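Input: a single structure, listed below in structure tokens.
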Amino acid sequence: MKLYEKDSYLTTLKTTITQQGTDEYGNFVSLKDSIIYPGGGGQPADRAWIQAIPVTKIQKNENDVRYYLKEAPNNLPQQVDIQIDWAQRFDLMQQHTGQHILARVCEDLFQVRISKEQITLTDSFFEIDTK
């Protein structure tokens, strides 16, 4: 379950590993539930840890989300603790809200639309469609 969609203020969670293995990107686990935002819509993924091991990459596909770990997941228990970097999450949430506010100002005051939005870990920008 994508708990990051239901409550963006959750910072820790205990959940179950549903799959683990290795593929072309490295060592991964898939989880029953997650609070780790995998990225998308112009916003980066959360920085997170599973059982105190850093998550280095997140790969979404149709059936699940794979969380790639800095270390091999061989000795992980079936139930694991997840933690996200709250400071980073909150910063990105504020940037996201700010972009919505600025987009509305551009539309209402200047009759222009935002054609592209992007948030990174170091900056935030959007492009205005002047047509």
Side-chain angles (χ1 to χ4, degrees):
M1 180 181 296
K2 302 172 185 177
L3 296 175
Y4 53 85
E5 290 180 348
K6 297 184 180 294
D7 185 351
S8 59
Y9 289 89
L10 290 174
T11 60
T12 60
L13 177 72
K14 184 175 281 294
T15 190
T16 304
I17 293 176
T18 58
Q19 181 183 15
Q20 62 184 15
T22 303
D23 65 14
E24 66 271 19
Y25 299 112
N27 301 304
F28 72 88
V29 296
S30 296
L31 305 170
K32 179 180 178 186
D33 302 308
S34 183
I35 58 171
I36 305 170
Y37 180 66
Q43 189 166 322
D46 282 326
R47 181 180 304 131
W49 299 264
I50 297 174
Q51 212 62 19
I53 301 171
V55 175
T56 58
K57 178 180 178 60
I58 302 172
Q59 186 74 35
K60 295 184 290 187
N61 63 41
E62 291 180 14
N63 301 321
D64 71 347
V65 178
R66 290 183 173 184
Y67 300 93
Y68 292 87
L69 303 175
K70 188 172 184 176
E71 301 171 17
N74 301 338
N75 297 321
L76 291 178
Q78 189 66 28
Q79 290 279 323
V80 291
D81 293 310
I82 300 173
Q83 180 178 0
I84 65 160
D85 181 338
W86 172 248
Q88 179 193 37
R89 160 82 63 89
F90 191 64
D91 178 57
L92 294 172
M93 287 169 59
Q94 290 177 315
Q95 289 185 57
H96 183 92
T97 299
Q99 281 191 342
H100 282 290
I101 292 168
L102 288 172
R104 186 60 188 235
V105 167
C106 288
E107 288 179 23
D108 289 353
L109 295 181
F110 306 109
Q111 292 73 50
V112 295
R113 299 202 37 96
I114 304 303
S115 59
K116 180 180 179 182
E117 297 178 47
Q118 182 72 44
I119 298 171
T120 71
L121 298 177
T122 57
D123 58 14
S124 177
F125 73 89
F126 58 86
E127 295 175 3
I128 298 172
D129 185 1
T130 58
K131 295 180 183 181

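Along the sequence shown, the residues carry numbers beginning at 1. Scope of the values below: all heavy atoms of this structure, side chains included, with no hydrogens, waters or symmetry mates. In this text the structure is predicted, and so the values were computed from the model without any measurement.
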- Item | Residues forming a side chain to side chain contact (heavy atoms under 4.5 Å, CB included) with Ala48, sequence neighbours excluded | Ile36, Val55, Ile84
- Task: Give, for atom CD of Gln88 and atom OH of Tyr37, the distance between the pair rounded to the nearest 0.5 Å.
- Result: 12.0 Å
- Message: Atom CD of residue position Glu24 - does it have more than 12 heavy atoms of other residues, nucleotides or ligands inside 6.0 Å?
- Response: yes
- Rounded to the nearest 0.5 Å, what separation is found between the CD atom of Gln20 and the CG atom of Leu31? 10.5 Å
What side-chain donor-acceptor pairs closer than 3.5 Å can you find for residues 2-14, not counting sequence neighbours?
| unit_1 | atom_1 | unit_2 | atom_2 | d |
| --- | --- | --- | --- | --- |
| Asp7 | OD1 | Tyr9 | N | 3.0 |
| Lys14 | NZ | Asp81 | OD1 | 3.1 |

- Message: Between Ile114 and Leu102, is there a side-chain heavy-atom distance shorter than 4.5 Å?
- Response: no
- Write out all pairs satisfying salt bridge (Lys or Arg N to Asp or Glu O under 4.0 Å) with one or both partners inside residues 97-121, taking only residues at least two apart or from two chains. Arg104-Asp108, Glu107-Arg113
- Is it possible for you to say whether Val29 and Ile35 belong to one hydrophobic cluster, with membership spreading through side-chain heavy-atom contacts below 4.5 Å? yes
- Query: In Å, rounded to the nearest 0.5 Å, how long is the span from CD of Gln83 to CD of Gln51?
  - Reply: 11.5 Å
- Thr18 side chain vs Ser30 backbone, donor-acceptor pair below 3.5 Å: yes
- Message: My understanding is that only residues two or more places apart in sequence, or in another chain, count here; which of them pass salt bridge (Lys or Arg N to Asp or Glu O under 4.0 Å) with Asp64?
- Response: none
- Message: Please enumerate all residues that pass ring-ring contact (aromatic ring centres under 6.0 Å, His included) together with Tyr25, with sequence neighbours excluded.
- Response: Tyr68
- Path from Leu121 to Phe90 over hydrophobic side-chain contacts below 4.5 Å: no
- Item | Nearest heavy-atom neighbours spanning Cys106 and Phe126 | SG-CE1, 4.1 Å
- Is the shortest heavy-atom distance from the side chain of Val112 to the side chain of Asp129 under 4.5 Å? no
- Query: Stepwise, does the side-chain contact (heavy atoms from CB on, under 4.5 Å) test hold for Asp23 with Gln59?
  - Reply: CA-CA 11 Å; Asp23 65 14; Gln59 186 74 35; over 6 Å; no
- Query: Are Thr16 and Gln78 linked by a side-chain donor-acceptor pair shorter than 3.5 Å?
  - Reply: no
- Item | Criterion side-chain contact (heavy atoms from CB on, under 4.5 Å) on Gln95 and Asp91, from CA distance to verdict | CA-CA 6 Å; Gln95 289 185 57; Asp91 178 57; 3.0 Å; yes
- So the salt bridge (Lys or Arg N to Asp or Glu O under 4.0 Å) pairs with at least one residue in residues 37-60 (sequence neighbours excluded) are Asp46-Arg89, Arg47-Asp85
- Are Val65 and Ile50 connected in a single hydrophobic cluster, I mean Ile/Leu/Val/Met/Phe/Trp/Tyr linked by side-chain heavy atoms less than 4.5 Å apart? yes
- Query: Is any side-chain heavy atom of Gln99 less than 4.5 Å from a side-chain heavy atom of Ile119?
  - Reply: yes
- Note on the structure: Between the CG atom in Leu69 and the OG1 atom in Thr22, the distance rounded to the nearest 0.5 Å is 10.0 Å
- Message: If you apply the rule side chain to side chain donor-acceptor pair (under 3.5 Å), what do you find for Gln118 with Ser124, and how did you get there?
- Response: CA-CA 6 Å; Gln118 182 72 44; Ser124 177; over 6 Å; no
- Message: Take a 6.0 Å sphere around CG of Asn75 and say whether it holds more than 12 heavy atoms from other residues, nucleotides or ligands.
- Response: no
- Task: Evaluate the side-chain proximity of Ser34 to Tyr67: yes if any heavy-atom separation is below 4.5 Å, no if none is.
- Result: yes
- Task: Would you mind reporting whether Thr15 and Ile82 have side-chain heavy atoms less than 4.5 Å apart?
- Result: yes
- Note on the structure: Between Ile17 and Pro77, the two heavy atoms sitting closest are CD1-O, 3.6 Å
